[in-house]
Every structure is written in C-alpha cells, then in structure tokens.
Amino acid sequence: MRHATKVASVVAAAALGLAACGSSTGNTTSPGSTGGSTGATGGGSLKIGMAYDVGGRGDQSFNDAAAAGLDKAKAELGADVKEASAVNGESESARKDRLQSLIDAGYNNIVAVGFAYAKAVGETAKANPDVKFAIVDDASPDSAGPNVDQITFAEEQGSYLVGAAAALKSKTNHIGFIGGVQTELIKKFEAGYKAGAKAVNPNIKIDVKYLTQPPDFSGFNSVDKGKAAADGMYQGGADVVYHAAGGSGGGVFTAAKSAGKWAIGVDSDQAKTAPADVRDVILTSMIKKVDVGVFDFITEVKNGAFKAGNKVFDLKAGGVDYATTGGHIDDIKSKLDDYKQKIISGEITVPKS
C-alpha cells in the first residue's frame, strides 16, 4: 500500500473554496456518454478528463470536493479539462463508455470520482495502457493496474472526530448517522463515528439509517430521502445527525433546521457550501480532502512523476479532518485535537467496520 508522503505541503497549497473557479467554454455531450459533459479548453498540453459520480458537480459535497482539485489544476497548472457526470441506475457499460469518450476526445489523463467506477477503470485502463488514470475511493483489484493511481482516504479517522463532537454536544445523549448507500466504504464513516461518540460516552444511543442498498445508488442524490430519515431521528430524540450521503445531505440540513437540532456535514466544509439558510445548523463537517488527492495526481502527471498503486490520505497526511466554521465547536476543540493527536500517534486505532 503506497501511503501519502509530503502531502502536508500539497494540503496547504490546495486550501481553496469549493465553488468552481475558472470558466468553461462550451457545453457538449460526448458520444457514447450517458451523462452531461462540459468541455473547457486551454492552451497547455496537460489534458485532464474527469468523470463524476451520481450528483455531479454542484452536489455541495463529494463531487464538488473533486471539482475543486480540478479547478485548482486549471488555474495553477494550465490544465485543459473536460467533465462528464454519471446518472443513477446506469449500466457498467455506460461508465466505460464515459471514460472512453473522454479518452477519444483527447484527454489522456482520467480521474474517475467514486468507487462505482472500479470495474470501468480497470477495464478501460487495460485497453488504454498509455493513458493515466486516477480513481477516488477505490483500492480494489477491480481498478488496479500499472497506469492507475488509487486514491483513498481514512474516512473512519475523520468520522471518529465528528462522532466525538456529536457526543460532546448532545444534550439528549442520543445521536444519529445517515448513510447514503450501504457499502463497505460508507460503513467506514459509520464505524468511525460510533467509535468516536462512544469514546466520549459509552452509553450514548446512536441511530443508524441507510437510504438505499446497492445496486440502487440514488441514496447519494435524494434530498427527500435524506430529509425523511433525519426527520425520523430528530422526532425520536436524536439531537445531532451526521450524514455520509452526498447530495442527500441537503435534506438532513433542512430537517435539522426545522427541528432546531444539529447536523454534521461530510466531505466538504458544508457550513461554507450548503444553502445559506441552513448553514447555522451545521455543527461541523468531516472534511475529506478529495481536492488534495485529485490535485496531487494531476501535479504528478505534469511533473512526470506519476506512480501507480494505492495512496492513502489519512489524518497524519492531512487528508481528513474536521471543520470549525461557525465556531460551534470552539469550546471542545482542545478535546477533539487531543483525540486527533492520539490517532496520529497510534495510541487510538479507529475501527473501519
């Protein structure tokens, strides 16, 4: 397993807002693609194709975090980029077609956002050995190859910290977790969150709800399902709910606002990216610096330093963290930082399941 090294400098360099920067010229749909595609041309020869997960750019969470890394590469490295998005319920062949369409359009460095692309990346990479690939959130044999960078994160570590925050801030000793789709990846968020909360209060009650089961991935992009699940938890006595549900998290925030309770965001600092009317109910967010992983891949490509294999961005590497926007956890920050240092030192080992 290839662990991230010297990432701290990249993290500092990649600290940017998650709103899109730079303009795109032209909106096109690539032949063979089932999702929308936005082309952006530039003068350089660094050509990057990005295939988003369900929800695409604008989900205010996972995909937008990836988009931020791409935007930084456009602004700072002069990358010429092209984007395409997945749609819910699409076939495996549709994902492969999307990747191949980006390659056929001349984009010879491909970033696939999300584990759903694992098989598509593996097969397309074999068929295009001269193209360099990065996949976010997968390190399985399905996507592995000599031209594939597998970018993963220690989600359980960041989730431990926000779980501790939830327990420290709960007045009812009752909190909740909402996962978008019940997969091994999202179970890492759940496991870390529960471990962090129980480290603070072993007797805390934790509700858990997954919005959908594979192969239905709509749980990552259903505001209504997110709201319904959170409404039920708040009505049942939970006063803090953490979501790892992508675009469905918008519904969790709406429910928190209506109930006068707390919500915890994911992937991005959602107190900065969510609609303004719900930002004040976002206690914190588990930040997963997908932008750093994406920018790191593109930088390696540009510098001729590409390396295949799995790169893990953990707390020590600065790949995950918790957000302090809004000042809601200022009073417990020292406690959270103590947990953080114990995880980094190895004194605390966070479970992944």
Side-chain angles (χ1 to χ4, degrees), residues 1-16 18 62 65 69 137 139 151-170 173 175 177 185-204 206 240-244 262-272 282-293 295-296 310-353:
M1 182 170 288
R2 180 163 65 92
H3 289 267
T5 57
K6 299 182 181 179
V7 177
S9 61
V10 181
V11 171
L16 71 162
L18 292 177
F62 179 57
D137 277 355
I151 302 169
T152 59
F153 298 82
E155 295 92 351
E156 73 281 359
Q157 294 182 356
S159 295
Y160 185 103
L161 298 178
V162 299
L168 287 165
K169 283 294 187 176
S170 177
N173 294 319
I175 61 177
F177 172 82
L185 173 65
I186 304 304
K187 287 179 182 178
K188 288 172 64 181
F189 291 81
E190 177 194 346
Y193 180 68
K194 290 166 71 173
K198 289 183 178 181
V200 172
N201 178 3
N203 298 315
I204 195 165
I206 307 173
V240 186
V241 175
Y242 173 39
H243 88 87
W262 290 116
I264 295 177
V266 75
D267 294 336
S268 304
D269 183 352
Q270 294 200 277
K272 293 181 177 178
I282 300 176
L283 178 66
T284 181
S285 295
M286 195 287 280
I287 302 175
K288 177 175 168 179
K289 298 182 180 178
V290 178
D291 57 328
V292 174
F295 186 75
D296 185 61
N310 179 212
K311 181 184 292 182
V312 180
F313 290 84
D314 58 10
L315 267 178
K316 186 175 183 179
V320 293
D321 210 335
Y322 68 93
T324 59
T325 299
H328 307 305
I329 58 172
D330 286 355
D331 58 327
I332 60 171
K333 188 175 184 301
S334 62
K335 294 180 181 179
L336 298 181
D337 286 343
D338 183 53
Y339 284 124
K340 181 177 179 179
Q341 291 306 314
K342 287 179 179 178
I343 294 170
I344 291 173
S345 71
E347 183 177 344
I348 292 175
T349 299
V350 184
K352 298 181 181 180
S353 61

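Scope of the values below: all heavy atoms of this structure, side chains included, with no hydrogens, waters or symmetry mates.
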Any donor-acceptor pair under 3.5 Å from Thr284 side chain to Ala323 backbone
yes

Given side chains that start at C-beta, do those of Phe153 and Asp137 come closer than 4.5 Å, heavy atoms only?
yes

Is there a side-chain contact between Met286 and Tyr242 (heavy atoms, below 4.5 Å)?
yes

Would you say that more than 12 heavy atoms from the other residues, nucleotides or ligands in this model lie under 6.0 Å from the NZ of Lys272, or not?
no

Flag the pair Phe189 / Asp267 as yes when at least one side-chain heavy-atom distance between them is below 4.5 Å, and no otherwise.
yes

Using a 4.5 Å cut-off on heavy atoms from C-beta on, say whether the side chain of Ile343 contacts that of Leu161.
yes

Thr152 side, atom OG1; Asn310 side, atom CG - distance, nearest 0.5 Å:
4.0 Å

Where do Val240 and Leu283 come nearest, in terms of heavy atoms and distance?
CG1-CD2, 4.2 Å

Please name the pair of heavy atoms, one in Gly192 and one in Val350, separated by the smallest distance, quoted to 0.1 Å.
CA-CG1, 3.9 Å

Backbone of Lys342 reached by a side-chain donor or acceptor of Ser345 within 3.5 Å:
yes

Nearest-0.5 Å distance that lies between atom NZ in Lys187 and atom NZ in Lys352
15.0 Å

Quick check for you: to the nearest 0.5 Å, what is the distance between Asp321 atom CG and Asp269 atom CG?
10.0 Å

Do Asp337 and Tyr322 touch side chain to side chain, with heavy atoms closer than 4.5 Å?
yes

Note: Asp330 and Thr324 closest approach over all heavy atoms is OD1-O, 4.4 Å

So which heavy atom on Ser285 is nearest to which on Ser268, and how close?
CB-O, 3.3 Å

Rounding to 0.5 Å, atoms CG (Leu315) and OH (Tyr339) come to a distance of 14.5 Å

Separation between CD of Gln341 and NZ of Lys316, rounded to the nearest 0.5 Å:
11.0 Å

Report, as yes or no, whether the 6.0 Å neighbourhood of atom NZ on Lys188 holds more than 12 heavy atoms from other residues, nucleotides or ligands.
yes

Exercise: identify the closest heavy-atom pair between Ala244 and Ile186
O-CG2, 3.9 Å

According to the interplanar angle, ranging from 0 to 90°, do the rings of His328 and Trp262 count as parallel (below 30°), tilted (30 to 60°) or perpendicular (above 60°)?
tilted

Looking at Ile175 and Tyr193, what are the two nearest heavy atoms and their distance?
CD1-OH, 3.4 Å

My understanding is that only one of Glu155, Lys288, His243 makes a side chain to side chain contact (heavy atoms under 4.5 Å, CB included) with Val266; could you say which?
His243

To the nearest 0.5 Å, what is the distance between CG (Asp338) and NZ (Lys333)?
12.0 Å

So, do Lys335 and Ile329 sit near enough that their side-chain heavy atoms are less than 4.5 Å apart?
no

